[in-house]
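Throughout, protein chains are lettered first and strands after them, A, B, ... in sequence-line order, and every chain is numbered starting at 1.
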Protein chains: 2
Amino acid sequence: MSPRTEKQIEKLKQKKEKLILESALLLFSEKGYGNTSMQSIAIRSKVSKGNLYNYFEGKEDLLEGVLMYGLNQFAEYFNEFSTELFTEKEFEIAIRGNFEMIQSNKKFWKLYYNLFAQPEVQDLFTKIFTPFFEQYIAIFEMYYKNKGDNDPKATALLLGSALDGVSLGYLLMGDTYPLNNVINQLIEKFK
Amino acid sequence: MSPRTEKQIEKLKQKKEKLILESALLLFSEKGYGNTSMQSIAIRSKVSKGNLYNYFEGKEDLLEGVLMYGLNQFAEYFNEFSTELFTEKEFEIAIRGNFEMIQSNKKFWKLYYNLFAQPEVQDLFTKIFTPFFEQYIAIFEMYYKNKGDNDPKATALLLGSALDGVSLGYLLMGDTYPLNNVINQLIEKFK
DNA sequence: TATCTTTGACTAACCGGTCAGTCATAAATT
DNA sequence: AATTTATGACTGACCGGTTAGTCAAAGATA
């Protein structure tokens with residue numbers, strides 16, 4: 001084993017790993033996954049290219065790390081509102097919270113929509129986001145069921161899709177997109 | 001002049017160009033734009049790689065050709081319903097028509113959503129689809145204005161985004177996505 | 001010194017794009 | 001009708017550049 005204590009090693013490694021993940025997120029988000037080279041990630045992380053491969057097995061493994069890193073930041077929030085939704089007020093809070101999350105971490109969600117329809121990484125993408133997505137839908141399905149909706153599953157899927165569409169539009173159009181007005185109409189129609 | 005008449009040349013060229021465009025659409029749609037090589041398009045088109053460049057100036061020019069080719073197929077339809085929408089019945093027909101279009105040309109729309117968030121080709125994408133998108137929104141904005149909606153612009157944008165979201169979900173999830181049920185709920189909520 | 005970490009030159013593969021030369025075809029000529 | 005000639009569509013080897021990933025060697029640490 002190393003002369004350094006395991007704790008020290010672990011700490012250093014984690015710090016550098018975090019740096020790499022944040023550089024990768026930034027570049028993937030700005031340039032797109034396919035157009036970001038491992039070299040450029042190495043430079044931005046102030047790590048040699050070869051050393052990247054001591055932290056991640058390859059480019060796709062690094063992408064997986066970036067996605068997990070981003071998702072974990074929201075785990076708390078989601079556990080909070082994964083308790084069932086009963087009132088329209090709670091619904092509104094959840095929806096507004098959803099968009100606050102997106103606004104507070106645009107880079108991550110830009111990457112998310114960049115990968116959404118990329119056949120190249122579809123398997124990885126599905127693996128990571130499917131459980132997340134299903135949890136989302138299940139909560140809304142229950143909400144509409146309680147409200148006596150005639151097809152809660154379809155309505156929940158419609159809402160999920162609408163949230164995707166609005167987020168995508170906002171992230172791509174930027175400030176041209178009147179996000180708050182659109183959110184108000186969405187809450188009006190779906191609550 | 002050429003020994004062959006211009007007409008003959010033109011006819012041959014058009015036929016081959018169409019073949020190339022259809023091969024490119026297929027491959028771009030299946031593999032993604034970035035992961036499709038000019039070589040593979042050449043092979044599928046039964047044309048040499050070099051000859052591709054007699055038809056299109058480069059890969060991006062070929063993509064532009066594919067997008068225009070796909071969009072032109074819908075020009076008729078759009079001119080038809082670009083006359084204003086007044087009744088809920090007309091609205092419903094327009095929405096259902098929209099999804100029929102998507103279902104009848106999945107490859108094209110899969111490519112559309114593949115390119116949606118690709119920084120690499122964003123300029124081209126914007127150039128081609130912005131007028132198309134704005135026309136779409138303007139019609140719905142007028143519809144909601146006539147209905148006395150309190151924020152017709154935002155509602156139209158919300159609808160456009162919802163249509164995007166639903167299309168995207170359907171194209172990516174395939175038959176798992178209960179498209180017809182979701183469309184019914186969408187019409188219910190937005191009409 | 002023993003062990004782990006880091007480096008960056010290197011490899012092999014792939015890509016978009018080019019170009020000198022080929023060849024099927026049909027007009028022109030006999 | 002037979003032969004020559006002109007055309008441009010077509011081929012595929014080739015090029016410069018870029019990439020993900022490897023590895024031998026040097027550096028750092030206790």
Could you check how far CD of B:E120 sits from C1' of C:dC15, rounded to whole Å?
12 Å

Can you name the side chain to side chain contact (heavy atoms under 4.5 Å, CB included) partners of B:L172, sequence neighbours left out?
A:F116, A:A117, A:Q122, B:L168

Side-chain N or O of A:Y55 less than 4.0 angstrom from OP1 or OP2 on C:dT6?
yes

Does the plane of the ring in A:W109 sit parallel, tilted or perpendicular to the ring in A:F129? Use 30° and 60° as the thresholds.
tilted

Under 3.5 Å between N/O atoms: give me all the protein pairs with nucleotides 19-22 of chain C, atom names plus distance.
none

Rounded off to whole Å, could you give me the CG-to-P distance for the A:N54 and D:dG21 pair?
14 Å

Is the backbone of A:N114 close enough, under 3.5 Å, to the side chain of B:Q118 for a donor and an acceptor to pair up by distance?
yes

Between side-chain atoms of residues 174-183 of chain B and protein atoms elsewhere (two or more places apart, or another chain), which donor-acceptor pairs fall under 3.5 Å?
residue: B:T176; atom: OG1; partner: B:M173; partner atom: O; Å: 3.2
residue: B:Y177; atom: OH; partner: A:S161; partner atom: OG; Å: 2.6

Proximity to DNA chain D (any heavy atom under 4.0 Å), residues of residues 34-48 of chain B only:
B:V47, B:S48

Output every pair passing ring-ring contact (aromatic ring centres under 6.0 Å, His included) with a member in residues 143-171 of chain B, not counting sequence neighbours, ordered by first then second residue.
B:F91-B:Y143

Using atom CD of A:E60 as one end and atom C1' of D:dA20 as the other, report the distance to the nearest whole Å.
12 Å

Counting distance only, does the side-chain N/O of A:S45 pair as donor-acceptor with the main-chain N or O of A:I41 below 3.5 Å?
yes

How long is the line joining OH of B:Y33 and P of C:dC15, in whole Å?
13 Å

Send over the distance from A:K59 NZ to C:dA13 C1', rounded to a whole Å.
15 Å

Report the distance from atom CD of A:E57 to atom C1' of D:dA20, rounded to the nearest whole Å.
14 Å

Please tell me if the side chains of A:V166 and B:L157 come closer than 4.5 Å, counting only heavy atoms from C-beta onward.
no

Counting N and O atoms only, with roles assigned by atom type, does the side chain of B:K46 sit under 3.5 Å from a partner on the main chain of B:L19, one being a donor and the other an acceptor?
no

Can you run down the ring-ring contact (aromatic ring centres under 6.0 Å, His included) pairs that involve residues 20-39 of chain B, sequence neighbours left out, and say none if there aren't any?
B:F28-B:Y33

When rounded to whole Å, the CG to C1' distance for the pair A:D61 and D:dA20 reads 14 Å

In whole Å, I'd like the distance from the CG atom of B:L52 to the P atom of D:dT11.
10 Å

